Amino acid sequence: MATVELRFSALPEHVRTARLVAAAVARRAGVDEAVLDEVRLAVGEACTRAVGLHQSGGITSPVQVLLIEEEKQFSIEVGDEAPRSAPGDRAPGAQGDDHDVETEEDEMGLAVISGLVDDVEVTAGEHGGQIRMTWPTTPPAAVLP
Amino acid sequence: MDLSLSTETVGDRTIVRVGGEIDVYTAPKLREQLVELVNDGSFHLVVDMEGVDFLDSTGLGVLVGGLKRVRAHEGSLRLVCNQERILKIFRITGLTKVFPIHTSVEEAVAATD
């Protein structure tokens, strides 16, 4: 079950909010302080990509972020609703040079995510795509009686 | 936090001081600034990133775009950055091989190819 669920309109100005919320929940879940910068960057990249896909595809539904606290791990799932019929295929609306530029930026975002996060899974289908990233957590130190 | 931008000219170099967060929302501002400088004839740019708190791939894309523009005029784009969290993004994307990265504005201004 998601500890925190966030939905936001596919607008660039909300990506920062998603980063801040994700980092705050990750910290609370016990993700190492040294890794929080990576969490912030990775979730920002995933949300930026989702916003781009929604905007270029004319999709009005919100981007969804699930922050899931589990035993010994913390996961973030960023979901978009941009349909893809084939790998690399883009939602309708993107065209011409913009298409190429957007595709390049999209790939750079994914490159950053895969460079940062060891445990990452990217899926996409006709109903949209999802990026799931997982980090280990350390349980809080036991309180002495 | 928003993005702050200021420019200063030292000899034939133009220093662009960037502060705050460079992401999908703020990167267009930086892109406009770089395009404007190149259009006005500034082809040797030093982008001081010491005040940058956050940089993502959108920001990297804008810097690469800036580099492409100045190179079309045989210019240069140098970066000033000492922050490990920012340098890491350049490393994992292989862009440390593309941008000359300096530890101070003075060093970047004095540098030649």
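Protein chains get the first letters and strands the later ones, always in sequence-line order, with residue 1 at the start of each. Just so it is clear, the values below take in all heavy atoms, side chains as well, and ignore hydrogens, waters and symmetry mates. None of the values given here were measured: they were computed from a predicted structure.
With a 4.5 angstrom heavy-atom cutoff, B/L55 touches chain A only via backbone atoms.
The minimum heavy-atom distance between A/G109 and B/S57, with the atom names listed, is CA-OG, 3.5 Å. Taking both residues in full, the closest heavy atoms of B/G61 and A/M108 are given as N-CE, 3.7 Å, listed atom of the first, atom of the second, then distance.
Scored by the side-chain hydrogen bond (donor to acceptor under 3.5 Å, both in side chains) test, B/E107 finds B/H102, B/T103 as partners (sequence neighbours excluded).
The distance from the CZ atom of B/R85 to the CZ atom of A/R40 is 6.5 Å, given to the nearest 0.5 Å. In this structure, CG in B/D2 is found 9.0 Å from CZ in A/R16, a value given to the nearest 0.5 Å. Here the CD1-CD distance, from B/I92 to A/E38, works out to 8.0 Å after rounding to the nearest 0.5 Å.
With a 6.0 Å radius and a threshold of 12 heavy atoms from other residues, nucleotides or ligands, B/F90 has its CZ atom above the threshold. In A/D118, the CG atom is not crowded: 12 or fewer heavy atoms of neighbouring residues, nucleotides or ligands sit closer than 6.0 Å. Heavy-atom neighbours of A/R132 CZ from other residues, nucleotides or ligands within 6.0 Å: above the threshold of 12. Within a 6.0 Å radius of CD in A/E126, no more than 12 heavy atoms belonging to other residues, nucleotides or ligands are found.
Both A/L36 and A/V65 belong to a single network of hydrophobic side chains, linked directly or stepwise wherever heavy atoms of I, L, V, M, F, W or Y lie under 4.5 Å apart. Hydrophobic clustering (side-chain heavy atoms under 4.5 Å, transitive across Ile, Leu, Val, Met, Phe, Trp, Tyr) groups A/V122 together with A/I76.
Taking the ring centre of B/F54 as origin, the terminal cationic atom of A/R19 falls inside the region bounded by 6.0 Å and 45° from the ring axis.
Between B/V24 and the choices A/L11, A/V15, A/V51, the side chain to side chain contact (heavy atoms under 4.5 Å, CB included) rule is met once, by A/V15.
Between A/T48 and B/T58, the closest side-chain pair of non-hydrogen atoms falls below 4.5 Å. Contact check for B/K88 versus A/L116: side-chain heavy atoms found under the 4.5 Å cut-off.
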